[in-house]
Amino acid sequence: MADFETPHRYDAHRAGDIETHWQAKWIADDAFRAPNPGDPGFDATRPKYYILDMFPYPSGAGLHVGHPEGYTATDILTRYKLMRGFNVLHPMGWDAFGLPAEQYAVQTGVHPAITTRTAIDAFRRQLQRLGFRYDWSREFGTIDPDYYRWTQSIWLRAYRSYYDASTGRARPIAELESKIEKEDRVISFTVDVGDGKSQQSEQKWSACTPLQQQSHLDTHRLAYLGVQTVNWCPALGTVLANEEIIDGRSERGGHPVFRMPLRQWMFRITAYAQRLLDDLDLVEWPESTRAMQAAWIGRSEGAEVRFAVEEFGDLTVFTTRPDTLFGATYMVVAPEHPLIAWTLARGERKDLSQYVEWSRNRSDIDRQAESREKTGVSLGISARNPATGELIPVWTADYVLMAYGTGAIMAVPAHDERDFAFAKRFELPIRCVVAAIDASAWTGERATSEPGIACNSKNDRISIDGLSTSDATAKIIEWLHSCGRGLRRVNFRLRDWLFSRQRYWGEPFPIVFDERGMHFPVAESALPVQLPSLADYAPVQSDHPVPPLGKAKEWVHTTAGEAGVDPSMLAPSTPVRREINTMPGWAGSCWYYLRYCDPKNSSRFVGKDAERYWMGDRGVDLYIGGAEHAVLHLLYARFWHKMLFDLGEVGTPEPFAKLFHQGMITSFAFERADGSLIPTDGVREEAGTWREIGTNELVTRVIAKMSKSLKNVVTPDEVVEEYGADTLRLYEMYMGPLADSKPWNTRDIAGVFRFLQRVWRLAVDERTGAVLFAREANPDIERQLHRTIHKVAQDIERLAMNTAIAALIELVNVATRPTQMKDPSDGGLTVDQMRRFLCALAPFAPHIAEELWHRIGESSSVASASWPVVDEKQLVDDMLELPVQIQGKVRARVAVPSGADAAEIEKIVLADRKVQELLEGRTPKKVIVVPKRMINLLV
RNA sequence: AGGCCCGUGGCGGAAUUGGCAGACGCAGCGGACUUAAAAUCCGCAGAGUUAACCCUCAUCCGGGUUCAAGUCCCGGCGGGCCUACCA
């Protein structure tokens with residue numbers, strides 16, 4: 001409350017008035033619009049800067065104070081870069097399709113089309129109240145048909161493309177098709193044989209049915225229909241990508257997930273595995289994120305080795321340790337491996353079929369719960385070890401995964417922990433074939449997987465005994481190759497990306513099926529395929545996937561002409577059914593940063609000129625968002641971008657040049673002696689300690705995530721109400737380093753609020769409202785002003801907003817007039833100094849800066865001012881006080897001219913009376929001088 | 001279990017490249033103003049010792065490299081994140 005004596009004080013009410021006034025004015029003046037090349041007002045002489053916040057997912061709960069942290073940082077940088085003469089693109093929009101919105105809708109009974117719009121409006125309102133300088137004319141949501149029309153279009157491009165391994169890039173599949181047709185190649189394809197089972201077959205292209213031809217092409221398309229073992233989550237009523245599963249449960253909701261084979265739309269992201277790995281070198285990303293992506297891609301080098309099985313043929317394994325081949329005493333195949341079906345077909349094997357059935361129905365959680373006790377069953381057949389010539393037994397066990405490598409392994413129990421545990425459990429032979437480097441004897445108590453020296457590894461034709469692991473590996477691969485039993489191979493952990501979801505709230509696929517089961521794309525001109533409005537959109541909880549779109553019967557069953565299939569592919573009257581799966585939540589966020597460059601374009605997903613200009617040579621200049629997207633979103637978006645790059649649609653190989661993760665904003669909670677947590681309102685403070693209300697027991701303050709149950713959630717709205725948006729922005733940035741996780745402490749907010757009050761008082765008389773200036777510039781303040789502006793600029797560039805603000809506070813503290821000062825023009829800043837100071841403050845606290853800027857007589861916006869020029873001469877002192885160390889301890893300080901070189905400094909210091917006293921007549925044996933830093937005397 | 005990151009006053013943090021540890025803010029203490037309080041302004045403020053200066057100790061613990069270590073290296077302890085049968 002403004003005191004009656006100081007009616008012109010900067011308080012929460014005044015802050016609110018100032019902020020809403022300027023926010024309305026900025027919007028009315030269209031001040032945030034960033035023109036594109038060719039637009040009026042576009043200045044081609046300026047360099048571009050594209051700064052992007054991670055796509056927010058507007059939830060019904062609205063913003064909490066964690067959201068604006070990254071947004072405030074990008075806003076500061078945006079405003080700063082504009083003042084530095086850049087054309088800045090800083091857009092905002094909404095990622096609004098997907099599971100959370102749909103689940104919220106199911107819970108509340110309100111259609112997701114309505115709940116998402118409401119949530120978006122609330123988010124936008126809250127963001128605008130903080131004064132963020134987004135170009136709102138570029139705003140869109142992934143649920144806008146004008147947007148998802150292009151999401152579908154890009155998907156179609158992937159559908160129409162294949163990865164050409166010879167050139168290492170994506171190309172139109174029509175090229176592949178005409179080549180196969182011309183050469184009339186023998187092609188392989190899958191035929192359904194009923195019962196959901198299928199078979200591989202092959203013959204010449206010309207002899208194939210169109211369905212068989214399509215089945216073959218599907219094995220090349222980048223977006224393809226394939227049968228995969230999927231992660232089925234009955235509770236969510238949908239399948240999930242591997243990336244969406246944590247500890248065997250769904251990332252959202254923590255429901256159990258089961259594996260089952262299903263025909264689904266996939267993305268051939270594995271084709272890009274090597275490039276996705278290699279190009280991590282092109283980007284300026286946090287090391288931890290690059291490491292996580294590399295680990296997810298999971299490249300391993302090794303060999304493929306073929307073991308002969310009587311009558312069946314070759315059983316192929318992948319191994320990273322082919323040098324241990326002589327130690328392979330048994331083999332294991334995954335329960336889903338074709339060898340199992342083959343074995344079962346040859347005769348009744350109840351134990352085997354029971355094991356396979358049991359392991360298939362076991363969720364991943366069960367597997368983990370049972371602490372990895374190895375289970376398995378022998379197939380009762382043998383394979384020949386190509387190195388030893390021995391027949392070794394073949395087992396099946398669920399510790400071998402069908403989805404990795406070939407789904408089969410050679411087991412080397414002496415040198416692999418898992419194989420060792422299995423061999424012990426089932427009493428299988430263990431043979432040491434790698435001796436330790438230190439020549440210590442193998443104890444047989446545990447597997448040794450470290451590299452060493454090969455031993456017990458020779459036959460009539462080859463010996464690798466005595467070779468190091470790497471030499472032995474090279475030699476055995478060469479030998480395997482020469483006798484046709486194996487070859488060098490690189491394997492990736494990355495698997496193809498499952499892109500279908502059995503949910504309602506997502507982009508429909510632009511695809512239809514005819515009665516033969518062939519799929520046909522919807523023509524570009526017929527896009528978007530609109531999501532039909534469904535009253536009952538709830539997922540169907542069941543043991544088998546039932547997509548809710550199936551309920552839109554009239555929409556599903558249509559004709560090729562109605563659906564928009566090119567008449568040259570299918571006659572318009574042909575009855576077809578639409579694809580009823582939808583795309584996953586990730587789809588829309590894979591390319592939104594491109595759409596921002598040219599959001600209204602109705603003929604392309606992004607205009608070429610706009611894309612070339614804003615994306616430049618390296619893509620988005622700075623991308624800020626949470627580390628939780630380190631793998632999923634960032635990997636998917638890179639993959640889409642690379643496809644578009646190959647197809648000539650975008651100009652950069654990578655989408656995001658520089659990435660930065662802001663830390664999490666946590667909160668305080670209180671912990672009892674037994675470790676249980678107490679909500680914030682159940683505790684009172686008493687002389688620096690905290691006691692639980694009621695029991696009066698001492699509790700300790702701990703850092704915890706903000707959560708409803710702990711009653712420690714803080715929303716931007718309440719902070720804005722109490723202090724204003726500028727204070728909130730300042731506090732969020734002042735808390736600590738942007739990258740760190742830091743606790744919200746409501747008590748500390750007062751500090752930055754008081755700072756803004758001092759800024760205000762520096763320029764405005766609180767009693768009269770008159771503007772105040774110093775009559776003349778104080779040279780010390782002038783010097784510090786230059787230094788402050790210099791430091792603020794440097795700190796913003798490295799996103800160290802906290803120290804930039806500290807520098808601004810220091811300056812204001814120095815310039816503040818003492819209460820006793822009778823004539824305000826005896827202190828403070830001159831109008832010219834005030835102008836420059838406000839420029840430096842404006843990126844952080846744009847509203848108060850704008851208000852004062854106008855009060856001191858400026859008419860245009862402070863945001864369009866140029867960043868103040870710093871006089872280099874003001875940054876250096878004439879004299880420096882150097883610490884003088886004797887034996888490495890600071891004992892004195894000596895003033896030296898700042899330009900003095902080492903010899904001069906030594907002379908001055910040794911001549912100093914205090915130094916001579918401390919030396920007591922001793923002569924230094926050694927003198928270390930670091931100009932501008934310190935001097936160290938050793939006696 | 002493995003990989004990565006982190007550990008600085010009562011609290012949030014600063015120290016950008018190995019060079020004066022603790023900037024700035026919160027909380028605290030003292031003073032000025034006031035009849036008084038709030039607000040404001042001016043100071044103090046790592047710990048020990050001291051009237052004060054000095055001095056000693058101090059960046060989780062223990063070693064090491066260096067003229068010099070919060071910063072680099074090795075080994076512990078504590079916390080966080082990621083991965084988790086990937087052959």
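Per chain, numbering begins at 1; letters A, B, ... match sequence-line order.
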* Within 45° of the axis and under 6.0 Å from the centre of the six-membered ring of A:Tyr399, does NZ or CZ of A:Lys374 qualify? ->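 Yes, a cation-pi geometry.
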* Can a cation-pi geometry be assigned to A:Arg9 and A:Trp760, taking NZ or CZ under 6.0 Å from the six-membered ring centre and within 45° of the ring axis? ->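 No cation-pi geometry.
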* Asked: How would nucleotides 53-59 of chain B be written as a contact map, 5' to 3', with B for base contact, S for sugar-phosphate-only contact and - for no contact, using protein heavy atoms under 4.0 Å?
  -> --SSS--
According to side chain to side chain contact (heavy atoms under 4.5 Å, CB included), who are the partners of [X], at least two apart in sequence or on a separate chain?
{"X": "A:His790", "value": "A:Gln794, A:Val870, A:Leu875"}
{"X": "A:Ile430", "value": "A:Pro413, A:Ala414, A:Phe420, A:Ala423, A:Lys424, A:Trp442"}
{"X": "A:Glu284", "value": "A:Arg618, A:Lys658"}

Under 3.5 Å between N/O atoms: give me all the protein pairs with nucleotides 28-36 of chain B, atom names plus distance.
none

* Structure fact -> Residues at least two apart in sequence or cross-chain that pass side-chain hydrogen bond (donor to acceptor under 3.5 Å, both in side chains) with A:Ser825, listed by chain then number, are A:Arg775, A:Asp823
* To do: Considering just the side-chain nitrogens and oxygens of A:Arg493, establish if one lies under 4.0 Å of OP1 or OP2 belonging to B:C85.
  => no
Which protein N or O atoms sit under 3.5 Å from an N or O of nucleotides 24-27 of chain B?
| residue | atom | partner | partner atom | Å |
| --- | --- | --- | --- | --- |
| B:C24 | O2' | A:Tyr734 | OH | 2.4 |
| B:C24 | O2 | A:Tyr734 | OH | 2.7 |
| B:G25 | OP1 | A:Asn813 | ND2 | 2.9 |
| B:G25 | O4' | A:Tyr734 | OH | 2.7 |
| B:C26 | OP1 | A:Arg754 | NE | 3.1 |
| B:C26 | OP1 | A:Arg754 | NH2 | 2.6 |
| B:C26 | O4' | A:Asp748 | OD1 | 3.4 |
| B:C26 | O2' | A:Asp748 | OD1 | 2.8 |
| B:A27 | OP2 | A:Arg754 | NH2 | 3.1 |

* For A:Phe660, ring pair (Phe, Tyr, Trp, His ring centres under 6.0 Å) partners two or more places apart ->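 Scan of A:Phe660 (ring pair (Phe, Tyr, Trp, His ring centres under 6.0 Å), adjacent residues dropped) gives none.
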* ring pair (Phe, Tyr, Trp, His ring centres under 6.0 Å) partners for A:Tyr731, two or more places apart ->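 Once residues adjacent in sequence are excluded, the partners of A:Tyr731 under the ring pair (Phe, Tyr, Trp, His ring centres under 6.0 Å) criterion are A:Trp744.
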Counting only pairs under 3.5 Å, give me each side-chain donor-acceptor contact of residues 930-939 of chain A, with atom names and distances, residues two or more places apart or in other chains.
| residue | atom | partner | partner atom | Å |
| --- | --- | --- | --- | --- |
| A:Lys932 | NZ | A:Ser898 | O | 3.2 |
| A:Asn936 | OD1 | A:Gly888 | N | 3.1 |

Can I get a per-line list of side-chain donor-acceptor pairs under 3.5 Å for residues 809-819 of chain A, giving both atom names and the distance, sequence neighbours left out?
| residue | atom | partner | partner atom | Å |
| --- | --- | --- | --- | --- |
| A:Asn813 | OD1 | A:Arg758 | NE | 3.1 |
| A:Asn813 | OD1 | A:Arg758 | NH2 | 3.1 |
| A:Thr816 | OG1 | A:Val812 | O | 2.6 |
| A:Arg817 | NE | A:Pro824 | O | 2.7 |
| A:Arg817 | NE | A:Gly827 | O | 3.2 |
| A:Arg817 | NH1 | A:Leu762 | O | 3.1 |
| A:Arg817 | NH2 | A:Leu762 | O | 3.4 |
| A:Arg817 | NH2 | A:Gly827 | O | 3.3 |

* Asked: Across the strands shown, which category fits A:Lys932 at heavy-atom distances under 4.0 angstrom: base, sugar-phosphate, nothing?
  -> nothing
* Nearest-nucleotide pick for A:Asn802, side chain only, options being B:U83, B:A87, B:A14 -> B:A14
* Asked: Which listed nucleotide (B:A87, B:U16, B:U40) is nearest to the side chain of A:Val400?
  -> B:A87
Would you list the protein and nucleotides 66-68 of chain B atom pairs, both N or O, that sit under 3.5 Å from each other?
| residue | atom | partner | partner atom | Å |
| --- | --- | --- | --- | --- |
| B:C67 | O2' | A:Asn936 | ND2 | 3.2 |
| B:C67 | O2 | A:Asn936 | ND2 | 2.6 |

